[in-house]
Amino acid sequence: MKDSDTSPLARIMTAREQGETVRVEMAVSGPLLGLFTLFGRGVAVDVRIGCSIQAMVCDQLGITPDYLADGIQTIFLDGWAVDGIDQAKAGVGSVLALSAAMPGLVGATMRRGGHYASLRGNITYSENEGACGEGAPGTILVKLFNQVARDLGMHFLARGVWVEGDRFADFIGAQSSGCIESMMLDGTPAATESLFESDWQDRAVLLSGIEK
Amino acid sequence: MDKILRIDMGAEGGPAVKIEPLGDYAGLGGRAMTSTVVAKEVPPLCHPLGSENKLIISPGLLAGSAAAISGRISVGCKSPLTGGIKEANSGGQGGQVMARLGYAAIILEGKPADDTLYKVVVNKDGATVSADNNLKGLGNYDLIDKARDEFGEKVACVSIGTAGEMKLSAASIAFTDMEQRPTRHAGRGGVGAVMGAKQVKLIVLDDAGMGMRKPADPEAFKAANKLFVEGLRGHAVTGQGLPAYGTNVLTNVLNEAGAYPTNNFSAGRFDGGDKISGEAQAELENTRGGEGSATHGCHRGCVIRCSGTFYDKDGKFVSKQPEYETVWSHGGNCGIDDLDTIATLDRMDDDYGVDTIEMGATIGVAMEAGLAEFGDAEAAIRLVKEVGTGSPLGRILGSGAAVTGQVFGVERVPVVKRQAMPAYDPRAVQGVAVTYATTPMGADHTAGYAVTANILGVGGNVDPLKPEGQVELSRNLQIATAAIDATGFCLFIAFAILDQPETFQAMLDLVGAFTGSPLTGDDVTALGQSILDNERDFNARAGFTAKDDRLPEYFKNEALPPHNVTFQVSDEELDQVFNW
């Protein structure tokens with residue numbers, strides 16, 4: 001099996017194409033465990049492609065320009081380190097990873113527009129790397145790391161994200177009792193325990209959550 | 001720190017202790033001290049395990065004072081792993097306690113005539129060396145338990161495990177932490193083997209009755225320290241990222257960049273990276289709870305507290321929180337995505353006293369050789385166990401990646417000057433690889449780590465947008481790092497200093513107020529260059545040439561997925577790094 005076949009986005013899109021989807025809505029009252037792992041691997045988000053990373057993050061994903069400027073110091077698009085967020089554009093199937101500033105020399109090296117950016121010159125995003133349409137609908141994989149996951153995890157859940165079924169099962173299994181107050185499965189109330197009995201392999205879950 | 005403790009282990013009639021004034025070594029600390037002594041006193045062509053080699057232990061210049069995060073300690077010698085000069089750096093309590101005892105250096109020289117094992121006790125009354133063969137064969141943890149029974153809970157210990165006794169080239173020297181556990185190590189280059197060759201198993205540092213070191217200008221020192229601490233705590237990296245997630249916070253980012261060496265440097269991305277990331281590690285530690293779980297200092301006076309404590313699912317202590325390099329070396333580099341396994345391997349490394357980077361890289365090479373499958377956690381534990389027991393296979397593995405690759409006929413051996421590379425693939429982060437290739441230490445990620453180079457004014461302003469800046473940046477970083485390694489400051493202060501001019505100024509003021517001499521950018525450059533000049537001169541006299549400042553050939557020929565990049569910095573460019 002090719003790597004692209006096992007990537008989170010490929011698995012999610014395959015499940016969606018085959019209609020193997022479930023909609024899960026949660027109301028939560030405490031800190032969710034497993035958010036870092038969920039967002040570290042990546043969640044799929046439906047967007048309109050063809051705009052800059054800056055516009056996508058702020059206008060479509062609802063992140064404030066101030067947070068983008070101060071809180072998101074390290075950005076990767078399809079694995080390439082991004083310096084110019086007003087120029088880089090995500091295409092269909094792109095992977096957008098957002099991180100805070102990182103420690104150490106290599107952390108400094110990866111920082112966007114940082115003094116040490118030339119040390120990773122051959123993995124720096126250039127305009128030719130991305131494939132873009134103009135405002136067309138598309139799905140991208142968003143990864144949130146470290147403090148960014150902590151700050152924006154619930155923001156993305158409120159918006160709704162697509163996750164791999166087996167990763168959703170891991171996520172639900174990691175929750176401590178009581179932090180999920182209620183849950184709806186395809187619009188029908190469901191007990192958290194009942195989810196453990198389902199087979200989530202090869203399914204895509206549209207997961208949303210709000211804090212009560 | 002106005003004296004040197006010199007112990008001749010080979011003196012007639014048994015080890016001889018001499019306490020000397022600093023003499024020519026006045027004003028030196030940390031790496032400046034260790035590298036100067038090695039360059040001046042150790043014959044470059046001597047055998048690293050022979051009587052002519054010396055082991056130098058030296059706290060940083062500000063250690064033992066109230067200056068925040070200044071307790072790092074350096075260990076230097078001729079390295080049995082590289083054959084060149086070595087400075088290995090550690091946290092733990094040793095730096096603070098030794099500095100309060102007034103010693104700028106402990107120098108172990110000579111070699112006993114028989115196989116007696118010794119312990120050294122240093123306190124306010126002086127130093128004693130006594131034979132103690134009961135310590136033979138003890139791992140670091142049992143050894144420190146024994147030391148605690150004899151000397152109490154407040155002493156700091158410097159020790160070797162079984163790997164050091166066996167004089168294996170990956171052997172480390174352990175420094176006890178705040179809980180008196182042997183979790184902090186001067187890991188790189190086989191410094192533990194040199195201590196083993198001197199037949200010193202344990203050094204006990206007891207600062208009872210000694211006070212904190214006093215600054216030349218107490219008021220200015222206090223004011224600068226306050227601003228320095230505020231700056232560190234207020235910065236996103238040193239005040240949030242590192243305390244919350246530890247150094248392992250780098251895993252997700254390096255993995256995403258395709259720069260995370262996977263399965264013995266055969267790929268740049270590890271599918272299980274999210275499971276062993278700093279974020280996952282911190283969440284696991286916080287869920288399990290326990291004293292100092294996800295946020296903890298490695299020595300008193302640390303205000304960043306990027307370490308932690310790893311407990312198993314039943315709440316039993318396993319090890320300190322494994323660092324990024326350890327999680328990588330035993331994790332992604334070996335295809336292992338289980339944090340409990342990695343923490344177990346970290347504990348074993350600390351107990352046997354081996355460098356976690358060298359050990360993980362070696363297991364990766366062994367896996368490539370077919371001794372185990374990538375991803376086989378049980379096999380990895382079994383192989384490291386071989387090192388602790390001293391089996392023939394264990395002695396090969398404990399001699400490092402280069403020897404293991406040679407013995408098993410592996411071409412892909414990620415070493416420079418026979419020292420294993422840390423957790424950044426040189427093909428993806430080429431500027432860092434310039435430092436890997438050229439540092440006198442062998443592949444070492446911390447040799448060019450001080451991202452303060454530009455603001456310290458080292459080397460002037462380099463245009464970071466020009467590709468050719470890589471060589472200049474590496475040069476400047478190596479100079480700045482060598483200088484900071486002399487102060488005892490942890491290199492992680494760099495981010496706050498980089499971003500906040502007032503924190504940078506506070507650090508300069510802190511050093512100036514302590515020593516009584518203001519520190520300037522020119523001073524930093526001169527100190528760093530002089531350390532590197534000494535080190536390179538020693539290596540040249542030991543037989544090193546420009547050909548040793550190279551990466552293994554396969555980094556130029558094998559493209560690294562996912563970006564399919566190769567190392568492209570030319571030999572001619574590498575040869576320019578030390579032109580000043």
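Below, chains carry the letters A, B, ... as their sequence lines are ordered, and counting in each starts from 1.
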Measuring heavy-atom distances to chain A, does [X] have an atom under 4.5 Å in its side chain, in its backbone, in both, or in neither?
X	result
B:A428	both
B:L284	neither
B:T287	side chain
B:Q430	both
B:T566	backbone

Check [X] against [Y] and note the closest heavy-atom contact, atom names and distance.
X	Y	result
A:T37	B:A280	OG1-CB, 4.2 Å
B:H563	A:D78	CE1-O, 3.8 Å
A:G79	B:R269	CA-NH2, 3.5 Å

State whether the side chain of [X] and the backbone N or O of [Y] hold a donor-acceptor pair below 3.5 Å, judged by distance alone.
X	Y	value
B:E283	A:G34	yes
B:E279	A:F36	no
A:N122	B:R427	yes

Side chains of [X] and [Y]: does their closest heavy-atom pair fall under 4.5 Å?
X	Y	value
A:R150	B:Y245	yes
B:E256	A:V95	yes
A:Y116	B:L477	yes

Residue part contacting chain B, namely of [X], when any heavy atom lies under 4.5 Å:
X	answer
A:M102	both
A:F76	side chain
A:A101	both

### Query
Roughly how far, to the nearest 0.5 Å, is the NZ atom of A:K143 from the CG atom of B:D274?
8.0 Å
### Atom pair CZ/CG of A:F39 and B:N252 - distance to nearest 0.5 Å
13.0 Å
